[in-house]
There are 2 protein chains.
Amino acid sequence: MQNSLKNLFPNFSNELLSSIAENATEQDFESGTILMRTGQYIKNTILITKGKIKIYREDEDGGEFLMYYLQPGQACAISMICATKSQKSQIMAKVDEDVSAIMIPLHLMDKWMMEHRSWYEFVIETYRNRFEEVLEVVDSIAFRSMDERLEFYLKRHQDACGCNEVKLSHQEIASELNTSREVVSRLLKKMEQRGLVKLNRNQIELLR
Amino acid sequence: MQNSLKNLFPNFSNELLSSIAENATEQDFESGTILMRTGQYIKNTILITKGKIKIYREDEDGGEFLMYYLQPGQACAISMICATKSQKSQIMAKVDEDVSAIMIPLHLMDKWMMEHRSWYEFVIETYRNRFEEVLEVVDSIAFRSMDERLEFYLKRHQDACGCNEVKLSHQEIASELNTSREVVSRLLKKMEQRGLVKLNRNQIELLR
DNA sequence: ATTCTGCAGTAACATTTATCACATAAGCGT
DNA sequence: ACGCTTATGTGATAAATGTTACTGCAGAAT
């Protein structure tokens, strides 16, 4: 663990890495697991070492709007933000690809801020990145129409998975954009006509 | 200054207040002043002691989407987040009501995190509040239609100004919601019919 | 092979939002 | 009072998005 951690979190000091090794446990979660529910109290800060997590904002009617991805080398900003006052989670986190994660008890998260400069910097950096990412999401829904939002969605998927195949049904995409399947189908067809994608069953190939 | 600061930021330690008194300057800004532009480098962290600031997200075509308000006792989270690496601002800040603000050089913002527990807690709390607020904004645009968004907008205005009069033209409201004046006019009329508001020229009275 | 099931395509229609055009009204300066 | 400017009201229409209903297709199950 120590070794791979050093690769995933290259800026962590050796003291910090030792503290992690002493105090934190690594846990595995299968694809589909809900790691955190809206309204639930948060017990740990999570560092991802393997796999992929999707962070959603939920509404009262069960809508699940995709906010962003968490990947190896990253941490859950929400869990850090909620640390100080054992706040409730305002988001839902679902495992997208089988995940290994390091679970850090919340009191340590707070304690280490003072003890480890590299932890402090990592936390601030995490805040900053997530804030930026959320602002981009706001852009996409505040200023753009559904066709552009769909392209934005596919682009982020591409960035997150590092490949050009989207193995999701139109229905799943529609849910994460909070629109309907028919709209997604229509827009994808148009994108296909523009030569941006190739449509197959349960799979969309991104051509650029 | 010392005294009013103690009231506005009751959790600041005396040592922190002294540090602020020694190192920071208070500055006044008139309504309408742009305190921070998108893409600009940030030089200071800002603590508001008087007035009101509106934080916007801008798009390429000059759209100005209202994110949230900053009020006395609050600080600009963006300027804190950008502190560590002298990042560019991702938002635009405009003075809404004449503001007095304490300008804290960025390197102190960072330094105090280690030296003053109460500063650290304030910063984390600021992050958390802003993140929450932005998530609520995401909700409103991701899940709700324009009529609900308009009500949400008016409600926030009410909370921010602590009064029931909105002294804005329909055009201004439309810009901050990134929609058109006609839509706002029509929706306001409907709200008036439902008895939620009373419409006057350049002023909307909120009835509940 | 046949049936079943979930996914995708698409037409028709409803609703919401955006845009254009113009009328009316309110306040302001002269 | 008069005309000027800006804000608001409103109808007509267009465009985008959401909804309903149905079709066909592919793979899984039998």
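- Panel note: side chain T33(B), backbone L35(B); no donor-acceptor pair is recorded below 3.5 Å.
- Considering only side-chain atoms of H170(A), the nucleotide from dT19(D), dG9(C), dT17(D) that sits closest is dG9(C).
- No side-chain donor-acceptor contact under 3.5 Å links N129(A) and Y68(A).
- Here the nucleotide nearest the side chain of S185(A), chosen from dA12(C), dA21(D), dA8(C), is dA8(C).
- Judged purely by atom type and a 3.5 angstrom limit, Q203(B) has no side-chain atom pairing as donor or acceptor with the backbone of N200(B).
- Mapped onto DNA chain D by nearest heavy atom, Q171(B) and L187(A) fall at different nucleotides, with Q171(B) at the one closer to the 5' end.
- Out of dG18(D), dA21(C), dT20(D), the shortest distance to the side chain of E182(A) is found at dT20(D).
- Of the two residues near DNA chain D, D147(A) and R181(A), the one whose nearest nucleotide lies more 5' is D147(A).
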Exercise. For salt bridge (Lys or Arg N to Asp or Glu O under 4.0 Å), just list the numbers for E182(B) and R186(B), CA-CA rounded to whole Å, side-chain angles, deciding distance to a tenth of an Å, and then say yes or no.
Key: CA-CA 6 Å; E182(B) 293 90 329; R186(B) 270 197 273 264; over 6 Å; no
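- Base contact: S180(B) has a heavy atom under 4.0 Å from a base atom.
- Here dT17(C) presents its P atom at 17 Å from CZ of F143(A), a figure rounded to the nearest Å.
- If you check the side chains of N202(A) and S169(A), you find no donor sitting under 3.5 Å from an acceptor.
- Between the NZ atom of K167(A) and the P atom of dG6(C) there is a distance of 21 Å, given to the nearest Å.
- Between H116(B) and W112(B), the ring-plane angle classifies as perpendicular under the 30° and 60° cut-offs.
- The base of dT17(D) lies outside donor-acceptor range of the side chain of R149(A), with no N or O pair under 3.5 Å.
- For DNA chain C, the neighbouring residues in residues 192-207 of chain A, judged by any heavy atom under 4.0 Å, are R201(A), N202(A).
- Using a 4.5 Å cut-off on side-chain heavy atoms (C-beta onward), L187(B) and L150(B) make contact.
- Across the protein-nucleic acid pair, M146(B) atom CE and dA15(D) atom P stand 19 Å apart, rounded to whole Å.
- What separates CD of E172(B) from P of dT6(D) is a distance of 13 Å, to the nearest Å.
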